[in-house]
Amino acid sequence: MLTPVLVFEALLFLCGFQLCRYIWKLFKQRWRYQKLIRDLKMRETAPAHPIWGHVFVLPTDEKKKLDALVDLIVPPGGETNSIDLSPFWLGPFTCMLMMSSPEYVKACVANADYKDNFSYDWLIPWIGDGLLTSGGPKWHRHRRLLTTGFHFEILKPYLDIFADSADILLNKFSASEGKPMEIFKPVGLFALDSLLKCSFSYESNCQLQGENEYINAVHELSEIITLRALKIQYLNEMIFKLSPPGRRFRKLCHIVHEKSRSTIRKRRREIEEGGEGFKGRKGKYLDFLDILLAARDEDGKGMDEEEIREEVDTFMFEGHDTTGCAIPWLMYNLAKHPEYQQKCRDEIQQLFDQKEDDRLKWDDLCNLPYLTMCIKESLRMYPPVQTILRKLVKDVKLPNQTVIAKGTTVACSIIGLHYNPEIWPNPKEFNPERFTHENIKNRHTHAFLPFSAGPRNCIGQHFALNEIKVVMSKILHRFYIDVDPERSPIWIQRMAIRTWDGMYLRFSPVEHKD
């Protein structure tokens, strides 16, 4: 006869058995990683703690973390500490392989099905199963459908949108009257204003009226994702869901989703009531939402409302911080190096001397080689994405013939790659000459990856580069940019590289000869 004591003992035995199985599984996982490390003859960039692993190798102070990371790769003494492949332990049982070699990175980004659910799963409640987070047949189908949205004929009209938004930004710089002003916020609003217009023709007026509920939600969602990556307790899904940031995250997702869905439904009605398809929409340019609504696969099937919503939210997530952070860092680098700034200005002036205004046309974009070199060098030093995570779906053979087993998570360190002194001599120095045609020709194709590489590279990279060229050509044509000697920016890790307490620059008008 069963008694309460026997039931309790049976439950206790089952719980103990399951716990033992779980612990055994963890140790098997650790032994597998240790064998892999031995087989690949890897050495660590720094000793791992037996409990915390490498989690606390870098300082906990955010203001020192990125400097410490670069010093780990390029020590202040000048010697090289770049390691092509090294283990990074996230505690005692979980490990990922950090890569900073172009050859190794190339091997691990070559397959479109490689992606890591560890970090991407955090984004699904916000952006759904879109181009960034999906895999397999769905990813291949959506990539084909969306590629047309970034054809040069679609991107051409966006140049005028960038220019209109840039004019508002330049008025703010002019109003500063040569005094130091913080630029991250106004440039971020410029980038978001442009993105909203290009993605679904949304006139937010955010540069003039400040932020609204939707814009605040997009910004705050990005901050919470970053917070989750930095706080070890939030790596656990249940703890995060029950925490105040987790509850806030769900509420913000609802705000963003409702805005996207209402915009999609409104656009569908516009198109249907116009009577002439997309041409009936008052003759406007085709925005990203138009492309999504019009896209059809080989079977003539388009995307449903939820799929479109996922891609719109993905575009906003990936696009709003990229140029909003890249432009301030480029301005800062040019302010620190007036000789490079003047070379860019001379090149821009020569182009504008042949025009009636200061607006770039499509054919002008390829006639700014020195500005392009400066943009690339700034993206090398301050890349939009610092790490690309991939979970291998099959064994990968490296150039040295060693094999990384299926199921291993690899972290392609863009910071490690871009500061690798074996590829970039004096990597902490800003030097646009690294990107002359001759230097590029002699460099590995995967040595410079600001927008990732392989099949899953950033589909909107030309959109971002065009926007940077348009706004920077207008800024340098109108203003000299100087640093504020009393406030040097401190870089910190966020979705893109930002600053701890802003970035302050001075803008003085350029006098043009008639």
Side-chain angles (χ1 to χ4, degrees), residues 32-46 54 69-75 79-89 95-116 118-119 135 376-377 379-429 431 433-458 461:
R32 183 175 72 83
Y33 283 126
Q34 288 177 327
K35 182 179 184 302
L36 181 66
I37 291 167
R38 286 195 302 272
D39 290 346
L40 295 176
K41 298 178 182 178
M42 285 187 277
R43 65 185 180 91
E44 299 176 337
T45 52
H54 292 100
L69 175 60
V70 172
D71 285 343
L72 202 62
I73 302 164
V74 192
E79 67 274 19
T80 295
N81 192 37
S82 179
I83 300 175
D84 291 343
L85 188 64
S86 62
F88 189 90
W89 288 94
C95 181
M96 63 177 68
L97 306 188
M98 296 289 290
M99 297 181 168
S100 59
S101 158
E103 289 286 353
Y104 292 177
V105 169
K106 181 180 179 180
C108 291
V109 298
N111 192 307
D113 293 326
Y114 297 164
K115 70 183 184 68
D116 180 50
F118 175 74
S119 57
K376 289 181 177 180
E377 174 66 351
L379 289 173
R380 180 193 68 81
M381 296 184 71
Y382 305 98
V385 178
Q386 296 107 64
T387 306
I388 304 169
L389 296 178
R390 293 287 186 265
K391 187 170 185 177
L392 305 184
V393 296
K394 63 180 181 181
D395 293 353
V396 171
K397 183 179 284 189
L398 298 177
N400 61 4
Q401 302 306 307
T402 57
V403 175
I404 302 179
K406 169 186 174 180
T408 304
T409 296
V410 296
C412 305
S413 172
I414 305 302
I415 287 280
L417 195 63
H418 286 187
Y419 281 83
N420 187 334
E422 294 176 7
I423 306 168
W424 313 93
N426 301 315
K428 297 180 184 179
E429 294 181 10
N431 179 12
E433 302 297 326
R434 302 181 201 272
F435 290 94
T436 61
H437 177 73
E438 196 63 31
N439 286 332
I440 291 174
K441 186 174 65 175
N442 298 323
R443 192 179 298 130
H444 194 284
T445 55
H446 285 61
F448 175 64
L449 299 180
F451 299 103
S452 186
R456 296 189 76 103
N457 69 343
C458 176
Q461 58 185 289

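As the structure is a prediction and not an experimental result, all values here were calculated from the model. Excluded from the calculations below are hydrogen atoms, water molecules and symmetry mates; all remaining heavy atoms, backbone and side chain alike, are included. In this chain, residues are counted from 1 in sequence order.
Atom OH of Tyr104 is separated from atom CD1 of Ile404 by 8.5 Å, given to the nearest 0.5 angstrom. The structure places CG of Leu449 at 13.0 Å from CZ of Arg380, a figure rounded to the nearest 0.5 Å. Within the model, atoms CG of Asn439 and CG of Asn431 stand 8.5 Å from one another, a figure rounded to the nearest 0.5 Å.
Contact between His418 and Ala447 at its shortest, heavy atoms only, is CD2-O, 3.5 Å. Counting all heavy atoms, side chain and backbone alike, Ala405 lies closest to Leu392 at O-CD1, 4.1 Å. The shortest heavy-atom contact between Pro384 and Phe451 is CG-CE2, 4.5 Å. Pro102 and Leu417 get closest at one heavy-atom pair: N-CD1, 3.6 Å. Considering all non-hydrogen atoms of both residues, Met99 and Cys108 come closest at CE-SG, 3.3 Å.
For Glu103 and Lys106, the salt-bridge test fails: no basic side-chain N is under 4.0 Å from an acidic carboxylate O.
Between the side chain of Arg434 and the backbone N or O of Pro425, at least one donor-acceptor pair lies under 3.5 Å. A donor-acceptor pair under 3.5 Å is absent between the side-chain atoms of Glu429 and the main chain of Asn426, judged by distance alone. Put simply, the side chain of Asn420 gets close to the backbone of Ser100: a donor and an acceptor are under 3.5 Å apart.
Taking the centre and axis of the six-membered ring of Phe435, the NZ or CZ atom of Arg443 falls inside the cone set by 45° and 6.0 Å.
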